[in-house]
Amino acid sequence: MRVEIWSDIACPWCYIGKARFEKGLAAFAHRDDIEVVHRSFELDPNRAKSDTGPVLEMLAKKYGRTLDEARAMEAHVASNAHSEGLGYRTEGRDHGNTFDIHRLLHLAKDRGRQNELLDLAYRANFAEERSVFDAETLVTLGVEAGLDEAEVRAVLADDSAYAEAVREDEREAAELGANGVPFFVLDRRYGISGGQPAEVFTQALEQAWQGRVLQPIGGDAAACDTDGSCEVPGA
């Protein structure tokens, strides 16, 4: 059975949701029979490649909050990340256009290294002092994931490389009704939105495997939507 996950590197709930999904998958009896495919979803596709800036300032502007309130929002997300064993820096992170990262993830998919690159990119963006919006950082991450450096540089130098693959993923997301990420599709029959608890993913996998109709489960969960807004429940 195939599970497809639409996500964006800029989305903290995608980072957290991936960890929760993997915990849920680990508890699923047929986990070795599940193929996981990661698909592209840009939260801010119209943002210029050169337009990068501090996350805290972006949050304050987007939500009409003070910088201290934006810090509190980030602290809430960090608490969720830490509860999953993930690193999360609340200060000093950049925000920008993720198109090049998605293009590299498609190269990594072709080379069988997609999950490795995705994990490295998430860690660099949320837990380390490395900007994923810098071309040289992306080259380094690609090599760390096991990709050929020359091939990575060639993709980054050609804006058309894997561009259609990214756009096709995004068209499919729209056709499936995804208006935010993370968005999980099980066997092209069942959909789950947001960074649900691990046990919700286990239950969904079991129901999809058995072919039963998937009823709404788990309630609303935090997600990032198409205007780039990321919910922060309780903040």
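Throughout, numbering of the chain's residues begins at 1 and tracks the sequence. Side-chain atoms are counted along with the backbone in the values below, which use heavy atoms only and exclude waters and symmetry mates.
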Original post:
When you look at I34 and W209, which way does the side-chain contact (heavy atoms from CB on, under 4.5 Å) test go after all the steps?
Top reply: CA-CA 10 Å; I34 301 299; W209 185 266; 4.3 Å; yes

**OP:** Would you check if the side chain of Q114 reaches a backbone N or O of V37 as a donor-acceptor pair within less than 3.5 Å?
**Re:** no

**OP:** Mind running salt bridge (Lys or Arg N to Asp or Glu O under 4.0 Å) on R39 and E168 for me, showing each step along the way?
**Re:** CA-CA 9 Å; R39 300 205 179 278; E168 179 59 27; over 6 Å; no

Original post:
Any luck finding a side-chain donor-acceptor pair between T66 and D68 under 3.5 Å?
Top reply: no

**OP:** Please confirm whether the backbone N or O of L43 pairs with a side-chain atom of D8, one donor and one acceptor, at under 3.5 Å?
**Re:** yes

Subject >> Gap between atom CD1 of I9 and atom CZ of F126 - 0.5 Å precision >> reply: 7.5 Å

Original post:
What's the verdict on salt bridge (Lys or Arg N to Asp or Glu O under 4.0 Å) for E74 and R93, showing C-alpha distance, side-chain angles and the deciding distance?
Top reply: CA-CA 11 Å; E74 279 286 87; R93 292 194 296 109; 2.4 Å; yes

Original post:
Is the closest side-chain heavy-atom distance between V185 and V3 below 4.5 Å?
Top reply: no

Subject >> NZ/NE/NH1/NH2 to OD/OE distance under 4.0 Å, R188 and E172 >> reply: yes

**OP:** Let me see the working for I5 and V181 under side-chain contact (heavy atoms from CB on, under 4.5 Å), right down to the final yes or no.
**Re:** CA-CA 9 Å; I5 307 172; V181 286; over 6 Å; no

Original post:
Does R167 make a cation-pi contact with F99, if we ask for NZ or CZ under 6.0 Å from the ring centre and within 45° of the axis?
Top reply: yes

Original post:
Does D134 use its side chain to pair, donor to acceptor, with the backbone of T137 at less than 3.5 Å?
Top reply: yes

Subject >> Residues E91, R71: salt bridge by 4.0 Å N-O rule >> reply: yes

Original post:
Quick one: CG on L205 to OH on Y190, what's the gap to the nearest 0.5 Å?
Top reply: 11.5 Å

Original post:
Are H38 and N115 side-chain neighbours, meaning at least one heavy-atom pair lies under 4.5 Å?
Top reply: yes

Original post:
Taking C-beta and beyond as the side chain, do Q196 and R20 meet within less than 4.5 Å on heavy atoms?
Top reply: no

Subject >> Nearest-0.5 Å distance, CG of residue N125 to CG of residue L120 >> reply: 12.5 Å

**OP:** Using atom types as modelled and distance alone, determine if a side-chain donor or acceptor of R65 lies under 3.5 Å from a backbone N or O of L59.
**Re:** no

**OP:** Report the distance from atom CD of E69 to atom CG of L56, rounding to the nearest 0.5 Å.
**Re:** 12.5 Å

Subject >> Check: R31 side chain, A26 main-chain N or O, donor-acceptor pair, under 3.5 Å >> reply: yes

**OP:** Evaluate side-chain contact (heavy atoms from CB on, under 4.5 Å) for L104 paired with L107, printing each intermediate quantity in order.
**Re:** CA-CA 5 Å; L104 279 187; L107 167 65; 4.2 Å; yes

Subject >> Pairing of R130 and E144 as salt bridge, 4.0 angstrom limit >> reply: yes

Subject >> Under 3.5 Å donor-acceptor, N97 side chain and K49 backbone >> reply: no

Original post:
Is the shortest side-chain N to carboxylate O distance from E22 to K18 below 4.0 Å?
Top reply: yes

Original post:
What's the spacing between T52 OG1 and M58 CE if we round to 0.5 Å?
Top reply: 12.0 Å

Original post:
Looking only at atom types and distance, does a side-chain atom of R103 sit under 3.5 Å from a main-chain N or O of A161, one as donor and one as acceptor?
Top reply: yes

Original post:
Are side-chain N/O atoms of Y88 and N80 paired as donor and acceptor at under 3.5 Å?
Top reply: no

Subject >> Value rounded to 0.5 Å, distance of OH in Y15 from CD in E84 >> reply: 10.5 Å

Subject >> Polar side-chain atom of T202 near backbone of G24 as donor-acceptor pair, under 3.5 Å >> reply: yes

Original post:
Do E170 and V166 come within less than 4.5 Å of each other through their side chains, counting heavy atoms only?
Top reply: yes

Subject >> Pairing of K62 and E57 as salt bridge, 4.0 angstrom limit >> reply: no

**OP:** Would you please indicate if the ring centroids of F183 and F41 are separated by under 6.0 Å?
**Re:** no

**OP:** Kindly say whether A108 contributes a backbone atom to a donor-acceptor pair with the side chain of R113 at under 3.5 angstrom?
**Re:** no

Subject >> Criterion side-chain contact (heavy atoms from CB on, under 4.5 Å) on L176 and W6, from CA distance to verdict >> reply: CA-CA 11 Å; L176 290 167; W6 274 263; 3.6 Å; yes

Original post:
Tell me, do T98 and R47 make a side-chain contact under 4.5 Å, heavy atoms counted?
Top reply: no

**OP:** Looking only at non-hydrogen atoms, find the nearest pair between A124 and V132 and report the distance.
**Re:** CB-CG1, 3.9 Å

Original post:
Are K23 and E199 close enough for a salt bridge, meaning some N to O gap below 4.0 Å?
Top reply: no

Original post:
Sequence neighbours excluded, which residues qualify as side-chain contact (heavy atoms from CB on, under 4.5 Å) partners of N46?
Top reply: none

Original post:
Below 4.5 Å, heavy atoms only, C-beta onward: do V152 and D148 meet side chain to side chain?
Top reply: no

Original post:
Is the shortest heavy-atom distance from the side chain of E4 to the side chain of F184 under 4.5 Å?
Top reply: no

